[in-house]
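Computed from heavy atoms alone, side chains included, the values below leave out hydrogens, waters and symmetry copies.
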Amino acid sequence: MEKLYTIHNLWMLLCTMMVFILHLGFASLEAGFTQAKNGVNILFKNTIIPVIGILSFAYIGYNIMYPGEAYKGEWFGFKGIGIYQEIHEDPDHTYDDYFPFWAFVVFKAMFAATAATIVSGSVAERIKFNSFIIFSTIYVTLCYPVVGMWVWGGGFLSQMDIPFYDFSGASVVHSVGGWAALAGTIILGPRIGRFDKDEYNFIAGHSMPLAAIGIFLLWFGWFGFNGGSVFSADPLTISLVLLNTAIAGSAGAIGSWGCTWILVRKHDYSMFITGILGSLVSSTASADIVSPTKAGTIGIIAGVLVVLSIRIFDKLKIDDPVRAVSAHLTCGIWGTLAVGIYGEKAGWGQLSSQLIGIGLIGAFSFGASALIFYLLKKTIGIRVKPEVELEGLDMEEHGQHSYHGRYIKW
Amino acid sequence: MEKLYTIHNLWMLLCTMMVFILHLGFASLEAGFTQAKNGVNILFKNTIIPVIGILSFAYIGYNIMYPGEAYKGEWFGFKGIGIYQEIHEDPDHTYDDYFPFWAFVVFKAMFAATAATIVSGSVAERIKFNSFIIFSTIYVTLCYPVVGMWVWGGGFLSQMDIPFYDFSGASVVHSVGGWAALAGTIILGPRIGRFDKDEYNFIAGHSMPLAAIGIFLLWFGWFGFNGGSVFSADPLTISLVLLNTAIAGSAGAIGSWGCTWILVRKHDYSMFITGILGSLVSSTASADIVSPTKAGTIGIIAGVLVVLSIRIFDKLKIDDPVRAVSAHLTCGIWGTLAVGIYGEKAGWGQLSSQLIGIGLIGAFSFGASALIFYLLKKTIGIRVKPEVELEGLDMEEHGQHSYHGRYIKW
Amino acid sequence: MEKLYTIHNLWMLLCTMMVFILHLGFASLEAGFTQAKNGVNILFKNTIIPVIGILSFAYIGYNIMYPGEAYKGEWFGFKGIGIYQEIHEDPDHTYDDYFPFWAFVVFKAMFAATAATIVSGSVAERIKFNSFIIFSTIYVTLCYPVVGMWVWGGGFLSQMDIPFYDFSGASVVHSVGGWAALAGTIILGPRIGRFDKDEYNFIAGHSMPLAAIGIFLLWFGWFGFNGGSVFSADPLTISLVLLNTAIAGSAGAIGSWGCTWILVRKHDYSMFITGILGSLVSSTASADIVSPTKAGTIGIIAGVLVVLSIRIFDKLKIDDPVRAVSAHLTCGIWGTLAVGIYGEKAGWGQLSSQLIGIGLIGAFSFGASALIFYLLKKTIGIRVKPEVELEGLDMEEHGQHSYHGRYIKW
């Protein structure tokens, strides 16, 4: 027993560290896909998000997401602020005898920050730094754990006759982040010049090498994101999950590559890697319960959906600089639905449970995030001045440039 | 038993993820060593190679490399297209009771893509994208697994009296890739302007920081590449392999640094890190059977050989933009030979087995790749137009620039 | 037993590989924080440091740091040059029955190189390459292992009544490196133009994205740096250590962010991430013996100290291009002291042991490094000519540029 406990724990910590690297993946991808004049701003947001996520989740979010027996409710529970554990105690091998409380907290805290990171891309290049920080802190501390509790903490979505199934967060993480990303970009409005003429003035990113580093590190981190959600080192399951994650991402790449080629006759790298990201998102709902071929099918469809979704949001004149909504929300919903089509209990029953979950999570996430953004807009404001937007946020907000920098005087 | 099984599997999956990062290492190194005007092209090729490798190896290559009892031949076998395993079954702990089939497939699939990646560097900055994709798909799907079967799948090279020994692929992966890289660059010819005058117009890469990220990630990935080839978490062996990988790479760095200093009296960073890469390649044949000091000796010689090999290919007017042939082929051959000099059964017997393997693998790999490249040249063509080559491939093939990009209109 | 042995060993090797990545973190951070004209120089130094560290520690440093019974002294011992182990022998499971000798050597060798890396940042942009290499080789081979022996190899600091406690090297690694970094920058003098006028002409780094990659990879590597120092995969301890490393870094980020905001009313990214680095340094002395909240307290104080320390060194006109002394020395001392405040045996007794250790290690490290730098200055010289410094070191020392490079003729 002690030995398996030691192995399970090692696996959880390994996955924790890989999810940490996921955040570098987001930072690189978002910085690469946006303009150099906002580079410091993007990097700062993507670095402070895990910082805030780790701290707030460890002390508050965890106690909402896993309120425990005494306080457990189907809709909301809260155990109080703090970390309730003595450092050398571990009386009951906290999580199903698989690993100690410390490992569970650090994994879930690293995980939690992902939801907020998704938002930073869609509101990039025009949101006020302070407003973004306030939004993210509230959202990751209070909103994400509530949804998490519904699905993973014993809440009502896990107690339906055919329980809503979301293996590692296609809905709980990616849709929750994606809905907020959508609310944010709608309330902010598009960047200056983005839809000026009757054509799409796509504003190109400044560094494809950065974006490439981003997508590889995201994929790497995803192995930990999906792998750790097994919550044990069970050989058959974690091996299947990793193979499925590899196959899904590869299939999504093929899907978006092919779809883009048909549409524009170019091998568009930014679409290609966004397709990988979207298919990784779609894999998260079911990576532990489908065969590799089904994982690949879900992935290739996600790759196509990303491209179509990007086109639709462009037509709707919704400006999403890094295409976060298409990758995380569209593919998050698709992945969640796919459980009802390809999962072990595929059928109308499972499908309707998935739809209920998608609807409720969507209503709550979009509503809560829109409310927070609206309140911020009415109080401290959420958008920088036009002249700051045109010149770039780096000097105004951060006093430094991303390249060959000048600094404010210290 | 169950517990060791769980540990072995965890190690294999860890190494799988590290080999995944090896591909980011290749992408970064190749992009850094080439010109910014071809950046998107290089990145796309290096991202799609693992995508294609994972899919094709899982469904086809695996069944050629490990044809199984029923179909086993000494030269060629094929089990059919598909993944032959139910998702929750693992009756026989597939690979020697050490880990499930899923882990074996995902590790070997990640591994397989490496061979094709090697080619992308030597043909960089002038090959047509579609031709490269077709070549790579055929080569990684059909040619690499055949050689792999000869050595690792029970084929004839493993059945000689003194079996050909190649621990993790100095020949099976690196020479196989290196021979194709050589065939490709010869058939394509040098880049415009490379050997115009009576001097070597070395075309400098555009980003040494990218190259630096590349070599570190390659070395990191190599720990998984060599470590995973132990196919168990046996403490003594995997620890020795990692120490040898660290020592060999370090010694190779010293070798190429010193050799370059003697030749040009500069501390040339691109030579220095190519020496690291070459010595890592040379370590792959024997990292599990030699002492750290012998691993270091093999590595330092590899570091010197890389520099001399680069000089020779320059004199032969063979243009290899990222020096892939010197790093992978020259050092792959040297590492394979070194088994006969430093290995446990060192001597003429082992040495002649190694030579037979080197010769046969070389003849097959060079022949097959030259044939594919030749057929592509005679049909759809393999080289972009001169004006595209001079302007860079990014806009023509991909519709976007690597930096501060403009995009094609969507 | 065999099974736990296999797990402990796997953990040590995993941490070894993560500490390897720490070096890429240093390379990226230092290159990002300095000017493009010295990029190749910075990258070369940061790549060759682990190379030299691995080789010299495996063959020499290890035998000073762990001189063994026969030669053990309280102040100095040396077992001789070489690796004393047959490759397939492991009679006594070398390190407390937890993992073989090979794993211990490769982990500690990877670890050793860190101390020398710290120096490279503070002497950047003006030190002669050869002088730096000679200094680093001597320092990591001879000086670092002596201090290591005092604390971890059975030396006198570990034999006091209340032993000096330094979990993973706040003093042994970071202060040892930090003192040498301070000696180096004082003896070299500031870069041309740095303190010309009566104001601080801060010389800005050239790439914040590189610096961002750096800080994420440093944090990632730190999980291995602290995690591996447990020297077993004990679930409770390694989980606590990882959680503490995550919380400490996050708290440090908040500390430096807030402190900088108060001082200059900008969200300064370079200060923000230097605060993360400083708090990670401060966590190393006690990550295994304090609660997450105490780790966070130590971290947030470190974040503030980094900013204040940078200001003080600026006022003293001590030029430290990447602020290595503030991050490693100031926070290394603070972390070491914190053991006496927050550790399990907190109190005047522990505090005075910590002070004795800090003083002796400081005297030896600063003295030894100043002596080496002084001797180099008096013989081969340590500073490049002013015209080389102004033009950048890359072409003179390395014959190549970091971006869009021209090369020396081969």
Side-chain angles (χ1 to χ4, degrees), chain A residues 3-4 7-8 10-11 14 18 35-36 199-200 202 204-209 211-213 215-217 219-220 223-224 227 233-244 246-247 249-251 253-254 257 263-270 272-273 276 289-293 296 310-311 314, chain B residues 2-3 5-10 12-14 16-17 20-21 23-24 27-28 31-32 39-41 43-44 46-48 50-52 54-55 58 82-83 86-90 99-106 109-110 129 207 210 213 397-410:
Chain A
K3 286 150 199 170
L4 270 173
I7 308 168
H8 293 320
L10 201 160
W11 176 248
L14 171 60
M18 296 178 74
Q35 300 167 87
E199 52 187 356
Y200 310 136
F202 187 77
H206 86 279
S207 174
M208 285 296 163
I213 289 172
I215 193 63
F216 270 100
L217 294 184
W219 202 338
F220 180 70
F223 290 123
D234 175 59
L236 200 58
T237 313
I238 61 173
S239 300
L240 175 66
V241 163
L242 257 64
L243 179 59
N244 282 351
I247 298 255
S250 300
I254 300 295
W257 179 39
L263 291 171
V264 298
R265 301 282 151 180
K266 293 283 177 191
H267 306 292
D268 184 311
Y269 187 64
S270 61
F272 178 66
I273 63 179
I276 294 174
I289 53 166
V290 297
S291 70
T293 303
I310 289 171
R311 285 233 143 175
D314 274 358
Chain B
E2 200 59 29
K3 285 150 199 170
Y5 178 69
T6 308
I7 308 169
H8 293 320
N9 180 67
L10 201 159
M12 290 312 295
L13 294 182
L14 172 59
T16 300
M17 296 183 280
F20 176 77
I21 284 299
H23 291 286
L24 175 55
S28 302
V40 174
N41 187 257
L43 294 170
F44 205 129
N46 276 280
T47 313
I48 203 168
V51 161
I52 291 172
I54 288 166
L55 292 175
I83 296 180
E86 291 303 312
I87 72 165
H88 289 312
E89 273 178 29
D90 185 36
F99 37 81
F101 175 79
W102 303 126
F104 192 56
V105 170
V106 73
M110 216 61 99
F129 186 79
S207 175
L210 258 184
I213 290 172
E397 296 268 28
H398 307 281
Q400 54 198 182
H401 287 294
S402 25
Y403 293 100
H404 307 290
R406 277 154 296 158
Y407 281 74
I408 45 156
K409 197 172 159 245
W410 253 77

Validation row: A:Ile273, B:Leu43 side chains within 4.5 angstrom (heavy atoms)
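Side chain of A:Ile273 against side chain of B:Leu43, heavy atoms only: no contact under 4.5 Å found.
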
Flag the pair A:Leu14 / B:Leu10 as yes when at least one side-chain heavy-atom distance between them is below 4.5 Å, and no otherwise.
yes

I would like to know whether A:Phe216 and B:His23 meet side-chain contact (heavy atoms from CB on, under 4.5 Å); could you show each step before the answer?
CA-CA 8 Å; A:Phe216 270 100; B:His23 291 286; 3.8 Å; yes

What is the minimum heavy-atom distance between A:Ser250 and B:Val51, and which atoms define it?
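Heavy-atom minimum between the residues: O-CG1, 3.4 Å.
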
Shortest non-hydrogen contact from B:Leu55 to A:Ala251?
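Scanning both residues completely, I find the closest heavy atoms to be CD1-N, 4.2 Å.
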
Measure up the B:Phe129 and A:His267 rings against each other and bin them: parallel (under 30°), tilted (30 to 60°), perpendicular (over 60°).
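The arrangement is tilted - the two ring planes meet at 30° to 60°.
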
Parallel, tilted or perpendicular, as decided by the 30° and 60° cut-offs, for the rings of A:Phe272 and B:Phe44
parallel

Among B:Ile48, B:Leu210, B:Val40, B:Thr16, which residue forms the greatest number of heavy-atom pairs with chain A at distances under 4.5 Å?
B:Ile48

Euclidean distance, A:Leu242 CG relative to B:Met17 CE, rounded to 0.5 Å:
5.5 Å

Got a second to check how far B:His398's NE2 is from A:Met208's CE, nearest 0.5 Å?
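If I round to the nearest 0.5 Å, the distance is 11.0 Å.
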
For B:Ser402 and A:Tyr269, which I'm curious about, is there any donor-acceptor pair between the side chains at under 3.5 Å?
no

Check: A:Ser270 main-chain N/O paired with B:Gln400 side-chain donor or acceptor under 3.5 Å:
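Yes: the side chain of B:Gln400 pairs with the backbone of A:Ser270.
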
For A:Ala246, all residues meeting side-chain contact (heavy atoms from CB on, under 4.5 Å), sequence neighbours excluded:
A:Phe223, B:Ile54, B:Val106, B:Met110

Could you work out, with side-chain contact (heavy atoms from CB on, under 4.5 Å) as the rule, every residue matching B:Ala103, not counting sequence neighbours?
A:Ser239, B:Asn9, B:Leu13, B:Phe99, B:Pro100

